[in-house]
Every structure is written in structure tokens, then in C-alpha cells.
Amino acid sequence: MADNISQDLKSGALFYHRYPRPGKLEIQPTKPLGNQRDLALAYSPGVAAPCEAIAADPSEAANLTSRQNLVAVISNGTAVLGLGDIGPLASKPVMEGKAVLFKKFSGIDVFDIEIAEKDADRLVEVIAALEPTFGGINLEDIKAPECFEVEERLKARMGIPVFHDDQHGTAIIVGAAVTNALELAGKKIGDVKIVTSGAGAAALACLNLLVSLGAKRENIWVTDIEGVVYEGREKLMDRWKSVYAQKTDARTLVEVIPDADVFLGLSAGGVLKPEMVTKMAPRPLILALANPYPEIMPEEAEAARSDAMICTGRSDYPNQVNNVLCFPYIFRGALDVGATTINEEMKAAAVKAIASLAREAPSEVVARAYGGEALPFGRKSLIPSPFDPRLILRIAPAVAKAAMDSGVATRPLDDLEAYADSLARFVFRSGFIMKPMVAKAKADPKRVIYAEGEEERVLRAVQVIVEEGIAKPILIGRPNVVEARIKRFGLSLAIGKHFELVNPEDDPRYRDYVATYVEAAGRKGITPDAAKTLVRTNSTVIGALALRRGDADALICGVEGRFQSRLKHIKDIIGLAPGVHEMAALSLVITSKGAYFLADTHVQFDPNAQQIADMTIACASHVQRFGIAPKIALLSHADFGAADTRSAVKMREALAIIRERAPELEVDGEMQADAALSEMIRDRVYPGSRLTGEANVLIMPNLDAANIAFQFTKILADSLPVGPILIGPAKPAHILTPSVTARGIVNITAIAVVEAQALVEKSA
């Protein structure tokens, strides 16, 4: 395989693995080790307590150690990718890579273990002895037929899942592709003829799984480098391959390919010729999975048979059969119920979950990965993309349930729905913190109007919003453009059925909207002629007018364009809520350490003490809607009177106003950021602070400080931003930024709906 890599990719890969430090993995402690007591708890003498607990009850290892979330990726380096028998040491970059995928896609920790042993008996002994350390074993890149024997014997000996991904990962994805292809072709799996090229670990595992799904052994024809696998053949035969031996005089692939419904290739490039494809059954499925050169290139297969459905192992063609589609999520489900094995029922559940997901509308993450377009379910979209973030939400619960139903779960789950919800942390880091807001929104969805209704991210967000019942969307956009983009992006949305559409070029309310605009902003420089033009051309103006007139309950805008210009339209048309003197922007950032609210990140350039107080009290109310108790720090360059600069004095004065107006709030300042985020540091500089623990609401002295902190946190802390949340308009209206994702639009929609609900309750 290395000979097929460009020199540029080779040098880039070497640089990637060398810098800034060698390799792709590190070990991080999950508990504090900041003082002598921490060390005493982590090691001697405190560690004796968990050791004794586990000795008394081995199941306590799942609660007191990392074992329940730790997998070993193990190889002896005898069949590494397309590189062959390069040995265990040279296989280490691949095993590290597998470890990274486990962590990235499912949060599972991994130790990669490379074993210098080719003898199957000794390999089994080494791996079996590792059972106390791990919750599961992922065997990798062990050549056939030894891989069959090693896995078989380990599964019999070990009480944890043992999974040879080269076999079963590929088989599960192939099973999903076959399931969906046969549905599209109108065929039944028990009736189809299956022909393989290749009889190694992956190919035989695929066939075994297909048989468990209903394929008939008598309909399966296997070929390898020696030709057809037939009864009586002796060369390159073993007991696993012999299961598929046919009583036949045929000896070559060309002889057995006629009328085949499925071709499964896990062999070498170019072995399936176009003339062979022409002899296959109608609407054939071609799984040409050799890498980097498939058994037949997709364009050749399509030229020979326009009705063919084609899968490859390559990322530059549709229908990529990639093991990352399943192995992280199968292990996630298995580990979370303490499964003792990964059985056929669990694999079948994964097949069904993957096949079902392919039939859903594509997600925004998938579209970004493929340059803005993702195909809907069909012959070129038989299986989900490896980038689809919903894979874990579908596969892990299905596998966990199958483990429980089949009796191999030692820690069965009480609530599968709650378990599925908990997995959202691997998909959208906003999952947990947004859950209360989303739940409230779904209980009473309101009408939300989107100014940029033609924009891709808005359309993808609306797909989710409709499916989850978060809001009743109203889009501003031209019907022909909206319809064309819905089709292009593979979304299942229909104008009038799933959302209302306001056509800026032809809306019967045009004159009324113009009159409302003149009434609202006539004394703010908006002439009747200007109003006529803006109501035709400015979608934010249209959305704000719809909100003012009661044609919508909330407004979302700003996906394109400048924040300040949108803000002026909202001020002019919607105005301020009673008692509010100025709007503010609250931004949420969700980091690996937790969630933090920052204000004011976008509106007030240099607020005075009164404005800081107003902003803080308003922010506290919004934070409480998330189900979070606000702990507020008024930030400055100085701690608790250490300096009398203008900004420090301003924050000090703001604190006095807040304590008088809202004495129930847990707030303190002025203080530096490190004091806000560390009670230990805060106690050193001011032991009497009313703020306890770590602040989660950070009020900045001016817009420069807030926005810079927000932007730094987004990038340097690899955080997920939510918002900005506009505080203070008379009706819910929010201005996003051009960097917002579809998920960000969904999040702000839920927030806007909850605000609209509160407004209705207040006026009742």
C-alpha cells in the first residue's frame, strides 16, 4: 500500500506523527493530583480501600477503576492494512490510530498492545492473561486463518468481549449495505446468489453474518487466489473456508458470476471485469472493497451496468465500507452493560441500526464532510457516512439492548431511553446542558421565523427542529430556491407541510408590513420609500416585523451579515422589554471542564455600573432557564479592591447595585479570572467571598474583554459555543454569527421558544 501513497502524503504523515511530540496518544489523569492528600488518595495509603473492595467483590472494578471503559487494541503485525506481515513494532502507528478512533467517536480509552508472537497457542495465552486489565479486546491485523482460531479460543476463555474488527466490523457494514440494497432491488436475502472474490478473515466473516441474516449457504459461491472453493479441493483450504465449498465443476470467477445478485470483493484490484458485471442479475450489488484499488472501479461498473449499486472501501466514492461506522459504537454498547461477549444477536442489532440510519435524512455534519452535499437514501447512499454523528445514538443502544435480551449483560440498564440520551455527549457537546431547554420547547412549540430561510444551515436545522418537534418554523425565502436546496441537500421537508414560507418577492401582507415599519421606525430615519425597499429586500426587517405584528413568536437571524446592522433593526422594530434600558448578549461556551456563560460579548461597548448590574441580573434569569444555579463573577484586572482603576471601580459599584436589587444571587467581584474559576485562589486573595466553588457566569467590564475571551475560549479550549443569546428585546429575537452551525441554530431555537413560552405565561 505504501507504494501507492503520494510523496506529499508520506512526508505529511511522517511530520504529523513526529510533531509536536511523537505518536498520537497520551495518558491523562482523571482525578486531581495537586497536593499531598490527592497523592495519598490516588496511591498509598488510600488506594488500599478500593483494592480491598474489589478483592471482596470483583464487580466493583467497574465502579472504582477505568476498566469498564478500557479496551485493548491488540495485534501481532502479521496482516497490517495492505502492508502485510510487517511485524508488531511497525504496526504500532496503526494500533495508535485505532485507539484514537475509539476515543474520538465513542469516548472509549485504549491501550494499544503489540505482541511479538506468531504462534497461535502462545498468542492466546498472552492475550487471555490480560483480562483483569480490560473491559474488552479488539483484535487487529492478525492474518488468517490464525485470526479465526485466536478469536474463537479467546471468546471461549475470557469473560469480556473479544472482537476481531477486520472480520466482524467489515461484516456488519456489509450486512447493512446488503440489507438496504436488496430492499431497493425488491429482493429477499434467502433468494439471492452471492459470489465472493477473496476468502480471508473479512470475507468469511461477511458470509457468516449474511447467513445469520437469512442467506442460504447453497447460494454462496466463494473464490480465492486458487479459484472456486469446491468440494474435494485441498490447496489453501481450512475448516472455516470448507463450510462454503460447492459441489461443482466450475473453477473460476468468470464461471460462477452469471446471475449473481451480490458480488463481494475482498481480494485484489481489477479481478472483476466489466464483461462479468454484464452477466450479473438485474439491479446487482457490487461490493468492491479491495484498497486502494477495488476489484472494479465504480465508473467501470456503472458503464457496464447502469442499474448496479456499488460500494467500495474508498472515501472518494459513495457507499464507503469503513469499519469506523460500527466498532466504536458496538464496544460502547457492550461496555456500558458489562457484556461478557459480542454475540450474533448484538451484531445483527448493529446491522439493523446502521441500515435504518441510512434511510434517515442526512445530517449537517455529514454534509460538511462531503463539501456541503449529502445524498439521500438510494443506490448511492446505501450506508451512512462514517462522519454521521448519529451512529452512536443508533448503534450503541441497539447493541446494549441485544446484549440484555440475549442474557450476556452483567450490568443491565434500567432505562434505555435515558441511556440513549446520555450518549448525546459524544455527538453534540451541548447535549446535556441543552436538554432541559429542548424538553421545555418541545412541550409547547412556538412559531419561530428564520430570516435566512434559503441558507443551508438553516434548512438542515429546520429538518432537526421539525423531527424533534422543537418549534413551528417559518422561513423567509424564495420558494423555488428553498425547494431546490431542500432537494439538493437530501432533506425531507415540504413547504406548507413542515414549515411556512414568507416569499419576500410576493407576500399579501407587504403593504401592512410597510405601514408597520413606518409606524415603528418613522422617527428613526425610515421614510416610506425606504420602508418599501427594505420590506422587499431585508429579511431581518421582514422577520422583525412579523414578530412585532404577532405573525411569529420569535426571530432568528444573523447567519449571514453583520451583527450590529441586525441589532439596529431589532431595536427599531421590536424595541426593548419593559424596564430594560439596553440589550446585551450572553454567550455560552461548553468546554471539557464544563459550561460557562460570558457577557456582554456583542452589544454594549463600555457599559457603566448600572448597565453591568442590569445585564448581570438578566443573565442570571437566563442561566436559570438551563436548570443551572448561576454563580456569578464580576471580572476585572484586579482582585477585591487591589486597584482603583475606572474599570475596577465600575465592577465594584455594579456589585453594590446587584446586591441591593437581587440579594439572593450568588455573586461577587471585582476579581481576576483565575480567582473566579478557582475557589482555592479566591480564598487566598479574599477568604470572605460570597461566591463558592467555581463561577459559571463571567461578567466582563467591556465588550473588548468579553468578545476576546469568548473567541479565545472557542478556539483554545476546543469549546462548543451556544448563542449569542440576545437579552432585552421586547420579544424573543436572536442574532447569530456567520460561524454558527446547524446544531447551533437548533440550540438557539430551543432557547427562543422557551423565551416565547415565558412571555405568554407572563401576559396571561
Side-chain angles (χ1 to χ4, degrees), residues 32 34 425 429-437 440 584-601 607 609 611-642 647-648 650-702 705-707 709-710 712-714 717 719-725 727 747 751 754:
R425 69 189 186 276
R429 285 168 291 176
S430 57
F432 284 138
I433 194 168
M434 287 302 302
K435 187 171 176 56
M437 200 69 71
K440 289 179 188 176
L586 175 67
S587 293
L588 166 62
V589 287
I590 304 166
T591 74
S592 59
K593 289 190 63 179
Y596 304 93
F597 295 85
L598 285 68
D600 171 9
T601 55
Q611 290 169 326
I612 292 284
D614 291 344
M615 176 198 313
T616 302
I617 295 169
C619 287
S621 296
H622 276 263
V623 172
Q624 288 167 345
R625 285 188 178 136
F626 287 87
I628 295 174
K631 293 176 173 288
I632 307 166
L634 305 181
L635 298 189
S636 171
H637 69 92
D639 279 319
F640 301 103
S647 65
K650 176 175 69 173
M651 302 306 278
R652 201 179 308 154
E653 291 173 350
L655 176 66
I657 297 170
I658 295 166
R659 286 184 171 170
E660 182 178 345
R661 288 177 50 194
E664 73 284 359
L665 288 182
E666 186 175 342
V667 56
D668 211 340
E670 76 282 12
M671 69 180 78
Q672 293 183 345
D674 59 351
L677 299 176
S678 170
E679 187 171 32
M680 182 175 65
I681 294 174
R682 193 165 57 251
D683 285 346
R684 288 175 188 161
V685 296
Y686 187 67
S689 174
R690 288 177 57 179
L691 181 63
T692 61
E694 183 181 83
N696 53 27
V697 182
L698 307 175
I699 306 297
M700 308 287 178
N702 56 48
N707 193 268
F710 176 54
F712 262 114
T713 307
K714 279 199 306 181
S719 64
L720 178 71
V722 178
I725 302 164
I727 296 173
N747 286 338
I751 291 168
V754 172

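Position 1 is the first residue of the sequence, and the numbers go up from there.
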Quick one: closest heavy-atom pair of [X] and [Y], and the distance?
{"X": "Ala709", "Y": "Thr713", "value": "O-OG1, 2.6 Å"}
{"X": "Ala638", "Y": "Glu670", "value": "O-CG, 3.4 Å"}
{"X": "Leu598", "Y": "Ala706", "value": "CD2-O, 4.2 Å"}
{"X": "Ile612", "Y": "Ala654", "value": "CG2-CB, 3.4 Å"}
{"X": "Met671", "Y": "Ala675", "value": "SD-C, 4.0 Å"}
{"X": "Pro701", "Y": "Lys650", "value": "O-NZ, 2.6 Å"}

Just wondering, do [Y] and [X] contact through their side chains at under 4.5 Å, heavy atoms?
{"X": "Ile751", "Y": "Phe626", "value": "yes"}
{"X": "Val667", "Y": "Ile699", "value": "no"}
{"X": "Glu694", "Y": "Lys631", "value": "no"}

Please test Ile658 against Leu634 for side chain to side chain contact (heavy atoms under 4.5 Å, CB included), starting from the C-alpha separation and ending with a verdict.
CA-CA 11 Å; Ile658 295 166; Leu634 305 181; 4.1 Å; yes
Show, in sequence, the C-alpha distance, side-chain angles and deciding distance for Met615 and Ile727, and conclude whether the side chain to side chain contact (heavy atoms under 4.5 Å, CB included) test is met.
CA-CA 8 Å; Met615 176 198 313; Ile727 296 173; 6.0 Å; no
What distance separates [X] [atom1] from [Y] [atom2], expressed to the nearest 0.5 Å?
{"X": "Arg659", "Y": "Arg690", "atom1": "CZ", "atom2": "CZ", "result": "4.5 Å"}
{"X": "Thr616", "Y": "Ile657", "atom1": "OG1", "atom2": "CD1", "result": "10.0 Å"}
{"X": "Ile632", "Y": "Leu635", "atom1": "CD1", "atom2": "CG", "result": "11.5 Å"}
{"X": "Leu665", "Y": "Leu691", "atom1": "CG", "atom2": "CG", "result": "11.5 Å"}
{"X": "Phe597", "Y": "Ile590", "atom1": "CZ", "atom2": "CD1", "result": "8.0 Å"}
{"X": "Ser587", "Y": "Met700", "atom1": "OG", "atom2": "CE", "result": "10.0 Å"}

Atom CD of Glu664 with >12 non-hydrogen neighbours under 6.0 angstrom
yes
Phe640 CZ: over 12 foreign heavy atoms closer than 6.0 Å
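More than 12 within 6.0 Å, yes.
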Would you find a donor on one side and an acceptor on the other, under 3.5 Å apart, between the side chain of Asp600 and the backbone of Ala585?
yes
Return yes if some donor-acceptor pair links the side-chain N/O of Asn747 with the main-chain N/O of Pro721 below 3.5 Å, else return no.
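No.
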Kindly indicate, with the supporting measurements, whether the criterion side chain to side chain contact (heavy atoms under 4.5 Å, CB included) is fulfilled by Leu655 and Asp668.
CA-CA 7 Å; Leu655 176 66; Asp668 211 340; 3.6 Å; yes
Decide yes or no on side chain to side chain contact (heavy atoms under 4.5 Å, CB included) for Asp639 and Arg682, but give the supporting numbers first.
CA-CA 9 Å; Asp639 279 319; Arg682 193 165 57 251; over 6 Å; no
